[in-house]
Student: 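Questions regarding the structure given below will be posed in turn.
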Number of protein chains: 2
Amino acid sequence: MEKFFSLPVEKQNKIINAALKAFSSNGYKKASASDIAKNAGISKAMVFHYFGSKQNLYLYLVEFCGELFMNEIDAKLDKNVSDFFERIKLTTNIEISLMKRYPAIVSFLKSIFFENDADVKEGINAMLAKGENFRNRIALDGTDTSKFKDNIDIKLVMKMLTWIGEGYSIQLPGEGEIDYDALSKEMAECLDLLKNNFYKEEFI
Amino acid sequence: MEKFFSLPVEKQNKIINAALKAFSSNGYKKASASDIAKNAGISKAMVFHYFGSKQNLYLYLVEFCGELFMNEIDAKLDKNVSDFFERIKLTTNIEISLMKRYPAIVSFLKSIFFENDADVKEGINAMLAKGENFRNRIALDGTDTSKFKDNIDIKLVMKMLTWIGEGYSIQLPGEGEIDYDALSKEMAECLDLLKNNFYKEEFI
DNA sequence: AACACCATAAACCGATTCGGTCAAAGGCAT
DNA sequence: ATGCCTTTGACCGAATCGGTTTATGGTGTT
């Protein structure tokens, strides 16, 4: 692994992104080292030179992405923001900023949830365990829900936002690159739209 | 293929569902006949006995699902419903009713959009061409958008509904089966929530 | 009981791809 | 020219691929 870390960061990221994409769209078993190498623009031999084995690479990515995600939230999520939608806006923007560097990171982190291969399951569970107490920190428990109109079912709003969250993070492979800033802006507008229409008038 | 059609419908559907799941989650190339056979509870030999080749099976599914989807819309979508949200509710319920019989059909139909393997690309494009003029029929062009509050950006609402649509159709592999009726109900409540808060008061 | 028929699965086929290794070829500093 | 380190294409045995063949057991007919 020292071999990998002594690479220029740009090249490291290219390899990471190739691997994230392959693993998240094909799963651990069906993603092949050749796929990853081809997408990263290196030879297959280098994948093993850098990481030793496919298993090693996968487990490294689990840890790397997990830590990165949690550190980013820790560093950037202002816990003083108690407004429901503003809090979601913040976490969304953190996710999008990560996707600028690592486009497949969100779908990879989702995919590890459903990965069942014995070779990596243990490592995944270890990471998820670390993430569990963490998730309580970004949860919306502490947020202020008193601003909602009285007749609005907040659990339903949560469910809707979950669906939106699932949906927006799916990058449509529409040829060119994704405009993450536009995506962030759209998402913010979307949340404002909901806020403006779900809150009592005095809180808008 | 006559061999396949002379099977009991239940068994046919089990095979179709196994194949839809394999193809939609792994793509044409990486989905293997053994995977499909295993999930369908038959031997690999039977897959070829019924369909001749993997290519044949895939193309059959493209046609079968495409036709089924379009026929279902044609039969069940009441074009007299001009209300924006009610129209979406109808199409959503049609999708969900299809997912009861074929859980992976929606994700399969999405996946063929991004399939690029030369062996099946042609057949996919033929199907998509048939679907093109069709899509105009279910489009929301004719729906009534005058009921929205004046300050609401309808394009933004559309974008949000797209995300919700992407999100809700992802079945979370949470061990047990999915409660489609509950899903349908949640989706309807969700749309009502939006309707009640996005429309001018006189239209609620 | 003998037969034909056919669905089915296991064993098998050559070809490909798998994860992983290795030797040889380059670049680069000394 | 020497030594070192990255990089690659060729290579390895093993696994898996799409697809076929063979053997089996059930069914219906006579």
Student: At under 4.0 Å between heavy atoms, what does B:Ala31 touch on the DNA or RNA strands: base, sugar-phosphate, or nothing?
Tutor: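 Contact class for B:Ala31: sugar-phosphate only.
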Student: Would one find more than 12 heavy atoms of other residues, nucleotides or ligands at under 6.0 Å from atom NZ of A:Lys149?
Tutor: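 For A:Lys149, atom NZ is crowded (more than 12 foreign heavy atoms under 6.0 Å).
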Student: Find the distance A:Lys29:NZ to C:dC18:P and express it as a whole number of Å.
Tutor: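 A:Lys29 atom NZ is separated from C:dC18 atom P by 13 Å.
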Student: Return the nearest nucleotide to the side chain of A:Phe48; candidates are C:dT21, C:dT8, C:dA9.
Tutor: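 Minimum distance to the A:Phe48 side chain belongs to C:dT21.
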Student: From NZ of B:Lys30 over to C1' of C:dT17, roughly how many Å is that when rounded to an integer?
Tutor: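 Result: 9 Å.
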Student: Report the nucleotide, chosen from D:dG18, D:dT20, C:dC18, that has the shortest atom-to-atom distance to any side-chain atom of A:Ser32.
Tutor: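 When the side chain of A:Ser32 is considered, C:dC18 is the closest of D:dG18, D:dT20, C:dC18.
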Student: Taking atom types as they are modelled, would you say the side chain of A:Lys44 forms a donor-acceptor pair with the base of D:dG9 within the 3.5 Å cutoff?
Tutor: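 Looking at the base of D:dG9, it does not pair with any donor or acceptor on the side chain of A:Lys44 (distance under 3.5 Å).
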Student: Is the ring pair A:Phe4/A:Tyr60 parallel, tilted or perpendicular, if the boundaries are 30 and 60 degrees?
Tutor: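 Taking A:Tyr60 first and then A:Phe4, their aromatic rings stand perpendicular (interplane angle over 60°).
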Student: Atom CE of A:Met46 and atom P of C:dG26: how far apart are they, to the nearest Å?
Tutor: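 Going from A:Met46 (CE) to C:dG26 (P), I get 16 Å.
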Student: In whole Å, I'd like the distance from the CG atom of B:Leu7 to the C1' atom of C:dA7.
Tutor: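 For the pair B:Leu7 CG and C:dA7 C1', the rounded distance is 9 Å.
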Student: For a quick test of reading the model: is some side-chain N or O of A:Tyr50 closer than 4.0 Å to OP1 or OP2 of D:dT7?
Tutor: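 It does, given that an N or O in the side chain of A:Tyr50 lies less than 4.0 Å from OP1 or OP2 of D:dT7.
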Student: Please report the distance, rounded to the nearest Å, between CD in B:Gln12 and P in C:dA7.
Tutor: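 Taking atom P of C:dA7 as the reference, CD of B:Gln12 is at 13 Å.
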Student: Report the C-alpha distance between B:Asp153 and A:Leu193 in whole Å, list the side-chain angles of each, state the deciding distance to 0.1 Å, and finish with yes or no for side chain to side chain contact (heavy atoms under 4.5 Å, CB included).
Tutor: CA-CA 9 Å; B:Asp153 178 355; A:Leu193 180 67; 5.9 Å; no
Student: Just how far, in rounded Å, is C1' of C:dC6 from NE2 of B:His49?
Tutor: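 Rounded to whole Å, this separation is 8 Å.
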Student: Just the rounded figure in Å: distance from P of D:dC17 to OH of B:Tyr28.
Tutor: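 Rounded to whole Å, this separation is 14 Å.
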Student: D:dG9 C1' sits how many Å from A:Lys38 NZ, rounded?
Tutor: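 Roughly 15 Å, once rounded to whole Å.
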Student: Where the side chain of B:Lys54 is defined as all heavy atoms beyond and including C-beta, which of D:dT8, D:dG18, D:dT6 is the nearest nucleotide?
Tutor: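 Of the options given, the side chain of B:Lys54 lies nearest D:dG18.
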Student: Distance check, rounded to the nearest 0.5 Å: B:Tyr58 atom OH versus B:Ile112 atom CD1?
Tutor: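 Rounded to the nearest 0.5 Å, the OH-CD1 separation comes out at 6.0 Å.
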Student: Starting at the 5' end of DNA chain C, which residue's closest nucleotide do you reach first, B:Ala45 or B:Ser6?
Tutor: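 On the 5' side of the pair lies B:Ser6.
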Student: Just N and O in the side chain of A:Ser34: are any of them under 4.0 Å from OP1 or OP2 of C:dT17?
Tutor: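 No, no such contact exists.
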Student: Is there a side-chain contact between B:Ser43 and the phosphate of C:dA10, meaning an N or O under 4.0 Å from OP1 or OP2?
Tutor: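 Checking C:dA10 against B:Ser43, no side-chain N or O comes under 4.0 Å of OP1 or OP2.
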Student: Is the distance between the ring centroids of A:Phe84 and A:Phe198 less than 6.0 Å?
Tutor: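 No, the ring centres sit 6.0 Å or more apart.
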Student: Taking only the side-chain heavy atoms of B:Lys11 (C-beta and beyond), determine which of D:dT8, D:dC17, C:dT8 contains the nearest atom.
Tutor: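 Among D:dT8, D:dC17, C:dT8, the one nearest the side chain of B:Lys11 is C:dT8.
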